[in-house]
Amino acid sequence: MPVVEVRNLTKVYRVPEKDPGFRGTLRHLIRRRFREVRAVVDVSFTIERGEVVGFLGPNGAGKTTTLKMLSGLIYPTAGEVRVAGFVPFRREPEFLRKITLVMGQKQQLLWDLPVMDSLRVNAAVYGIPDRAFRERVKTLGEMLDILHLLRTPVRKLSLGERMKAELLAALLHNPEVLFLDEPTLGLDVTAQVAVREFLREYNARFGATLLLTSHYMADIAALCPRVMVIHHGRLIYDGGLASLRERFSPYREIFVELERPVEEAAVAGLGEVEIWEGVRGRILV
């Protein structure tokens with residue numbers, strides 16, 4: 001049975017509209033106008049246990065809204081969702097123990113306290129026994145290479161170190177399903193690679209299911225054999241990454257600096273060349 005089942009998922013927001021100025025404010029108080037924003041429209045897919053799936057789309061396409069519905073943070077307008085056998089928006093305690101949501105632009109760690117204090121708070125929230133807590137911190141801390149930072153106040157950590165600590169806190173209760181929204185957002189190349197390697201190892205060691213959104217294609221290429229693409233709230237592709245390239249990007253542009261005049265280059269068999277300012281060319285392959 002799939003660990004994530006989504007059928008005809010839809011989310012529509014009613015957004016108030018107000019004219020500028022004092023008159024517009026008065027009119028807004030007396031008679032409000034609303035417009036509907038269709039954030040997610042009739043989306044259906046399934047994810048098997050242990051899969052790592054990339055979720056792609058431009059800003060505003062509906063990725064984060066979908067993840068929030070899958071994790072139970074917001075209620076869908078229509079459709080059905082089951083994650084690990086539970087209906088997310090009911091927010092049952094057993095369901096919350098099976099999932100986690102990591103958002104690269106949000107933080108759960110307490111800013112002025114050492115990382116370990118935040119971890120102990122999470123352990124208390126999830127009812128993790130002390131022995132299991134220590135073992136889990138040791139295992140994840142070694143995988144993330146941050147055991148030496150657990151007594152450091154969060155505000156003293158670099159962005160990459162803080163993201164590792166966020167991952168440790170989010171995975172402390174051993175969730176089966178990970179929803180990851182831009183986990184490498186703003187990180188440098190070295191930190192991005194470290195997070196990718198950790199997620200790959202976590203999936204391989206614990207068999208967890210990952211649904212990952214990212215604007216860094218290196219994240220998707222490194223982790224996700226399968227990708228889904230959402231655009232204007234609609235799922236427009238679900239399949240392999242290689243097939244996605246063939247379908248949406250059948251050509252590549254190569255920019256070249258020519259050492260010889262254009263006429264000689266054409267004779268040499270470089271193909272059809274467009275020239276800007278007499279020295280630069282483009283070849284479609």
Side-chain angles (χ1 to χ4, degrees), residues 59 63-65 67-74 88-89 91-203 205-206 208 210-216 218-219 223:
N59 289 330
K63 304 185 301 298
T64 300
T65 299
L67 292 189
K68 287 181 176 180
M69 286 189 283
L70 293 179
S71 57
L73 288 180
I74 59 177
F89 61 80
R91 304 287 289 174
E92 299 171 62
E94 188 60 31
F95 165 73
L96 297 177
R97 292 188 183 96
K98 289 182 177 291
I99 67 110
T100 193
L101 172 64
V102 178
M103 307 183 76
Q105 69 274 32
K106 305 287 184 181
Q107 72 172 50
Q108 60 176 311
L109 300 175
L110 301 173
W111 186 249
D112 291 311
L113 298 181
V115 174
M116 183 60 81
D117 287 0
S118 291
L119 298 182
R120 292 192 180 280
V121 169
N122 278 23
V125 168
Y126 286 102
I128 302 172
D130 192 57
R131 180 177 177 181
F133 168 73
R134 291 195 303 270
E135 291 176 353
R136 193 71 178 164
V137 168
K138 183 175 184 297
T139 299
L140 293 175
E142 288 175 349
M143 292 172 65
L144 287 161
D145 191 25
I146 59 168
L147 285 177
H148 60 292
L149 297 173
L150 297 185
R151 288 174 173 77
T152 304
V154 173
R155 58 186 171 81
K156 296 290 186 179
L157 300 178
S158 69
L159 183 58
E161 292 168 343
R162 195 159 70 243
M163 190 65 238
K164 289 182 179 181
E166 291 282 353
L167 284 169
L168 197 163
L171 302 177
L172 195 61
H173 60 291
N174 196 23
E176 299 176 12
V177 184
L178 282 60
F179 299 121
L180 306 166
D181 190 23
E182 303 280 355
T184 59
L185 182 68
L187 303 186
D188 60 36
V189 174
T190 302
Q192 288 178 24
V193 171
V195 170
R196 287 180 212 134
E197 291 300 321
F198 168 74
L199 293 175
R200 181 187 292 109
E201 184 181 356
Y202 189 90
N203 168 256
R205 182 181 296 193
F206 300 108
L210 279 66
L211 180 57
L212 165 73
T213 79
S214 180
H215 284 113
Y216 301 123
D219 293 345
L223 294 169

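- Rounded to the nearest 0.5 angstrom, Thr152 OG1 and Leu113 CG are separated by 12.5 Å.
- Scanning all heavy atoms of the two residues, the minimum distance from Ala191 to Gly160 falls at CB-CA, 4.1 Å.
- Separating the CD atom in Glu142 from the CG atom in Leu140 is a distance of 9.5 Å, to the nearest 0.5 Å.
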Next on the checklist: Under the criterion side chain to side chain contact (heavy atoms under 4.5 Å, CB included), I'd like the reasoning laid out for Leu110 against Val154: C-alpha separation, chi angles, the key distance, then a yes or no.
Outcome noted: CA-CA 7 Å; Leu110 301 173; Val154 173; 5.9 Å; no
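- Between Leu101 and Leu73, the shortest heavy-atom contact is CD2-CD1, 3.5 Å.
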Checklist entry - Does the side chain to side chain contact (heavy atoms under 4.5 Å, CB included) test come out yes or no for Phe206 and Leu178, once each step is laid out? => result CA-CA 12 Å; Phe206 300 108; Leu178 282 60; over 6 Å; no
Checklist entry - After noting the C-alpha distance and the side-chain angles of Leu150 and Leu168, does the key distance pass the side chain to side chain contact (heavy atoms under 4.5 Å, CB included) rule? => result CA-CA 10 Å; Leu150 297 185; Leu168 197 163; 4.3 Å; yes
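- Gln192 CD to Leu185 CG: the interatomic distance, rounded to the nearest 0.5 Å, is 9.5 Å.
- In this structure a side-chain-to-backbone donor-acceptor pair under 3.5 Å is missing from Arg205 to Arg200.
- Shown here for Pro175 and Ala170, the closest heavy-atom pair between the two residues is CG-O, 4.0 Å.
- To the nearest 0.5 Å, the span separating OG on Ser71 from CG on Asp181 amounts to 9.5 Å.
- Side chains of Thr64 and Met103 form a contact here, defined as non-hydrogen atoms less than 4.5 Å apart.
- When each of Val115, Val121, Asn122, Asp117 is checked for a side-chain contact (heavy atoms from CB on, under 4.5 Å) with Leu119, only Val115 meets the rule.
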Checklist entry - Could you walk me through whether Leu172 and Tyr126 pass the side chain to side chain contact (heavy atoms under 4.5 Å, CB included) check? => result CA-CA 9 Å; Leu172 195 61; Tyr126 286 102; over 6 Å; no
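- The backbone N or O of Leu171 sits less than 3.5 Å from a side-chain atom of Arg136, completing a donor-acceptor pair.
- Legend: salt bridge (Lys or Arg N to Asp or Glu O under 4.0 Å) pairs involving residues 155-176, not counting sequence neighbours, sorted by first then second residue: Arg49-Glu176, Lys98-Glu176, Asp112-Arg155.
- Counting only distance, with no hydrogens or angles, the side chain of Thr213 and the backbone of Glu182 share a donor-acceptor pair below 3.5 Å.
- Using a 4.5 Å cut-off on side-chain heavy atoms (C-beta onward), Leu223 and Leu199 make contact.
- For the pair Phe179 and Lys68, the minimum side-chain heavy-atom distance is 4.5 Å or more.
- Nearest heavy-atom pair across Arg196 and Ala218 is NH2-CB, 3.3 Å.
- Across all their heavy atoms, Ala165 and Leu157 have their closest contact at CB-CD1, 4.4 Å.
- Between Glu135 and Lys138 there is no salt bridge, since no side-chain nitrogen of the basic residue lies less than 4.0 Å from a carboxylate oxygen of the acidic one.
- A 4.5 Å side-chain heavy-atom check between Met163 and Leu167 finds at least one atom pair inside the cut-off.
- Scanning both residues, Phe133 and Ala123, for their nearest heavy atoms gives CD1-CB, 3.5 Å.
- Two residues are said to be in side-chain contact when any heavy atoms from C-beta on lie closer than 4.5 Å; His215 and Asn59 meet this criterion.
- A donor-acceptor pair under 3.5 Å is absent between the side-chain atoms of Glu92 and the main chain of Glu94, judged by distance alone.
- Contact annotation: the side chain of Arg120 approaches that of Asp130 to within less than 4.5 Å [non-hydrogen atoms, C-beta and beyond].
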